[in-house]
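A short worksheet on the structure shown next.
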Amino acid sequence: MSKAADTIVLTGGSSGIGAAIAARSRADGQRVINLSRRPCLADGVVNLAVDLADAVAVAGAIVRVRELIGARSRVHLIHNAAFQIVDAVTNFDARACEQAMRINVVTPAELTAGLLPTMAPGSSVIFIGSTLSEKGVPGRLSYCASKHALVGLLRATVQDLFGTGIHAVCVCPGFVDTPLLDPLRARGLEVMQQLLDMVSYGRLLTPEEVADIVAFTLERPALNGAIIHANLGQREG
């Protein structure tokens with residue numbers, strides 16, 4: 001079956017990595033359905049406005065996406081949306097943590113479960129994790145915890161989909177040139193240089209580089225269960 005028959009269901013496609021994934025998918029001839037509060041501006045994308053932190057809104061979005069997909073077919077579900085906050089065990093906000101877990105973990109699980117009946121063999125579930133999916137840094141308690149949980153969600157999903165012909169992968173980018181880095185940019189060139197000094201190539205990843213990796217994973221069932229770190233090589237410790 002050709003790529004033109006495939007449907008990409010993407011969360012958080014309005015900017016950054018998500019927008020790059022949408023643009024790459026459209027260039028590859030795939031239909032793209034984006035779920036986010038703001039629209040994706042890539043040509044030809046079907047946008048469904050939804051607050052991914054709202055369980056009722058997510059349930060409604062699942063119904064609409066299933067209607068758009070129609071008959072069971074090859075569907076690639078890409079969980080890209082994420083909620084990032086600055087918090088710590090010494091400055092903990094339970095409600096913000098719950099929101100991070102909702103958007104970063106619970107909503108992906110709900111979307112996968114809800115859309116599974118539309119997904120034929122050859123489909124895939126792609127989780128966009130982070131370097132922080134497998135390590136911790138100070139000041140990012142809820143983000144680190146939720147991205148670690150996303151790896152657990154990947155592994156459980158692989159087991160639950162055993163034998164279905166649907167594969168799942170977690171792509172974990174490092175420092176990507178997106179608006180998420182704006183708080184660091186605002187702290188000045190010295191802070192940004194300290195960040196770049198942690199990267200072997202001395203630069204940020206582009207969203208398009210991450211989109212290329214995601215596109216590769218869609219057609220590679222051999223990667224089922226893989227955690228792919230894409231960070232240009234980061235200094236450890």
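Computed from a predicted structure; not experimentally measured. Both backbone and side-chain heavy atoms feed into the values below; hydrogens, waters and symmetry mates do not.
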Task: From CA spacing to verdict: salt bridge (charged side-chain N to carboxylate O under 4.0 Å, His left out), Asp43, Arg26 - done: CA-CA 8 Å; Asp43 185 54; Arg26 290 295 298 143; 5.0 Å; no
TODO: Measure from the side-chain N and O atoms of Gln159 to the backbone N and O of Ala156, and report whether any donor-acceptor pair falls under 3.5 Å.
DONE: no
Open item on the list: Would you say CD of Glu190 has more than 12 non-hydrogen atoms from neighbouring residues, nucleotides or ligands within 6.0 angstrom?
Closed with: no
Task: Leu141 CG to Asp93 CG distance, which is reported to the nearest 0.5 Å - done: 11.0 Å
Task: Pairwise side-chain contact, Ile228 with Val169, heavy-atom cut-off 4.5 Å (strictly under) - done: yes
Open item on the list: I need the minimum non-hydrogen distance between Ile69 and Arg31, along with the two atoms involved.
Closed with: CA-NH2, 3.5 Å
Open item on the list: Let me confirm one number: the CG-CG distance from Asp6 to Asp28, rounded to the nearest 0.5 Å.
Closed with: 10.0 Å
Open item on the list: I'd like to know if Ile78 and Ile103 are part of one continuous hydrophobic network [Ile/Leu/Val/Met/Phe/Trp/Tyr, side-chain heavy atoms within less than 4.5 Å].
Closed with: no
Open item on the list: How long is the straight-line distance from CG of Leu48 back to SG of Cys40, given to the nearest 0.5 Å?
Closed with: 12.0 Å
Task: Under 3.5 Å: donor-acceptor pair, side chain of Thr11, backbone of Asn80 - done: yes
Open item on the list: Would Gln234 and His229 count as a side-chain hydrogen bond (donor to acceptor under 3.5 Å, both in side chains) here? Give the steps.
Closed with: CA-CA 10 Å; Gln234 288 186 8; His229 284 277; over 6 Å; no
TODO: First locate atom OG of Ser123, then atom CG of Leu161, and finally report the distance between them rounded to the nearest 0.5 Å.
DONE: 10.0 Å
Open item on the list: Under a 3.5 Å distance rule, please check whether Asn34 uses its side chain to pair with a backbone N or O of Gly13 as donor and acceptor.
Closed with: yes
TODO: Identify the heavy atoms of Leu218 and Ser124 that sit nearest to each other, and give their distance.
DONE: CD2-OG, 3.6 Å
Task: Pair Arg66, Thr118: side-chain N/O donor-acceptor within cut-off below 3.5 Å - done: no
- [ ] Report the C-alpha separation of Val137 and Cys144 in whole Å, then their side-chain angles, then the decisive distance to 0.1 Å, and conclude whether the side-chain contact (heavy atoms from CB on, under 4.5 Å) test is met.
- [x] CA-CA 8 Å; Val137 294; Cys144 288; 4.3 Å; yes
TODO: Heavy atoms only: give me the nearest Arg74-Pro121 pair and the separation to one decimal.
DONE: CG-O, 3.7 Å
TODO: Treat each ILVMFWY residue as a node, draw an edge where side-chain heavy atoms are under 4.5 Å apart, and state whether Val125 and Leu68 are in one component.
DONE: yes
Task: pair Glu208-Val176: side-chain heavy atoms closer than 4.5 Å - done: no
- [ ] State, with a plain yes or no, whether a side-chain heavy atom of Arg102 is found less than 4.5 Å away from one of Glu110.
- [x] yes
Open item on the list: Heavy-atom count check: over 12 atoms from other residues, nucleotides or ligands less than 6.0 Å from Arg185 CZ?
Closed with: yes
Task: Side-chain (His79) to main-chain (Gly129) donor-acceptor, under 3.5 angstrom - done: no
- [ ] Over all heavy atoms of both residues, which pair between Met119 and Ile166 is shortest? Give the atoms and the distance, please.
- [x] O-CD1, 3.6 Å
- [ ] Establish whether Ile126 and Leu111 are linked, either directly or via other cluster members, by ILVMFWY side-chain heavy-atom contacts under 4.5 Å.
- [x] no
Task: Validation row: Leu77, Thr112 side chains within 4.5 angstrom (heavy atoms) - done: yes
Open item on the list: Strictly distance-based, threshold 3.5 Å: is any side-chain N or O of Asp54 a donor or acceptor partner for the main-chain N or O of Val56?
Closed with: yes
- [ ] Count the heavy atoms of every other residue, nucleotide or ligand shown that sit under 6.0 Å from CZ of Arg38, and state whether that count exceeds 12.
- [x] no
- [ ] Identify the two heavy atoms, one from Thr178 and one from Pro207, that lie closest to each other, and give their separation to 0.1 Å.
- [x] CG2-CG, 4.0 Å
Open item on the list: Please report the interatomic distance CG(Leu196) to CG(Leu232), rounded to the nearest 0.5 Å.
Closed with: 10.5 Å
Open item on the list: Keeping His148 on the side-chain end and Leu132 on the backbone end, is there a donor-acceptor pair under 3.5 Å?
Closed with: yes
Open item on the list: Do Leu115 and Leu150 land in one hydrophobic cluster if side-chain heavy atoms of ILVMFWY residues count as linked below 4.5 Å?
Closed with: yes
TODO: Please confirm whether the backbone N or O of Leu52 pairs with a side-chain atom of Thr107, one donor and one acceptor, at under 3.5 Å?
DONE: yes
TODO: For the residue pair Val58 and Leu35, establish whether any side-chain heavy-atom pair is separated by less than 4.5 Å.
DONE: no
- [ ] Test side-chain contact (heavy atoms from CB on, under 4.5 Å) on Phe175 and Met198 and set out the steps.
- [x] CA-CA 10 Å; Phe175 300 117; Met198 296 171 59; 4.2 Å; yes
Open item on the list: Can a donor-acceptor pair be found, under 3.5 Å and without considering hydrogens, that links the side chain of Asn104 to the backbone of Ser146?
Closed with: no
Task: Among Cys170, Cys172, Ser142, Ser130, side-chain contact (heavy atoms from CB on, under 4.5 Å) partner for Lys147 - done: Ser130
Task: Inter-residue atom distance Ile21.CD1 - Ile213.CD1, 0.5 Å rounding - done: 10.0 Å
TODO: Please tell me if the side chains of Asp160 and Thr157 come closer than 4.5 Å, counting only heavy atoms from C-beta onward.
DONE: no
- [ ] Report the C-alpha distance between Arg24 and Glu209 in whole Å, list the side-chain angles of each, state the deciding distance to 0.1 Å, and finish with yes or no for salt bridge (charged side-chain N to carboxylate O under 4.0 Å, His left out).
- [x] CA-CA 10 Å; Arg24 169 60 190 266; Glu209 286 177 301; over 6 Å; no
TODO: Answer yes or no: are there more than 12 heavy-atom neighbours, outside Arg187 itself, under 6.0 Å from its atom CZ?
DONE: no
Open item on the list: Taking Pro173's backbone N and O only, do any of them form a donor-acceptor pair with Asn231's side chain (distance below 3.5 Å, no angle check)?
Closed with: no
- [ ] Check the hydrophobic clustering (I, L, V, M, F, W, Y; side-chain heavy atoms under 4.5 Å; chains of links allowed) and say if Leu195 and Tyr201 are grouped together.
- [x] yes
Task: Residues Phe216, Leu223; criterion side-chain contact (heavy atoms from CB on, under 4.5 Å); working and verdict - done: CA-CA 10 Å; Phe216 180 82; Leu223 293 175; 4.0 Å; yes
Open item on the list: Ignoring hydrogens and geometry beyond distance, is a side-chain donor-acceptor pair present between Gln30 and His76 at under 3.5 Å?
Closed with: no
- [ ] Report the C-alpha distance between Val32 and Val46 in whole Å, list the side-chain angles of each, state the deciding distance to 0.1 Å, and finish with yes or no for side-chain contact (heavy atoms from CB on, under 4.5 Å).
- [x] CA-CA 6 Å; Val32 178; Val46 176; over 6 Å; no
Task: Heavy-atom pair of closest approach, residues Leu154 and Phe127 - done: CA-CE1, 3.7 Å
Open item on the list: When you compare the side chain of Ile85 with that of Tyr143, does any pair of heavy atoms fall below 4.5 Å?
Closed with: no
Open item on the list: Within the structure provided, determine whether Phe83 and Met101 are in side-chain contact (heavy-atom separation under 4.5 Å).
Closed with: no
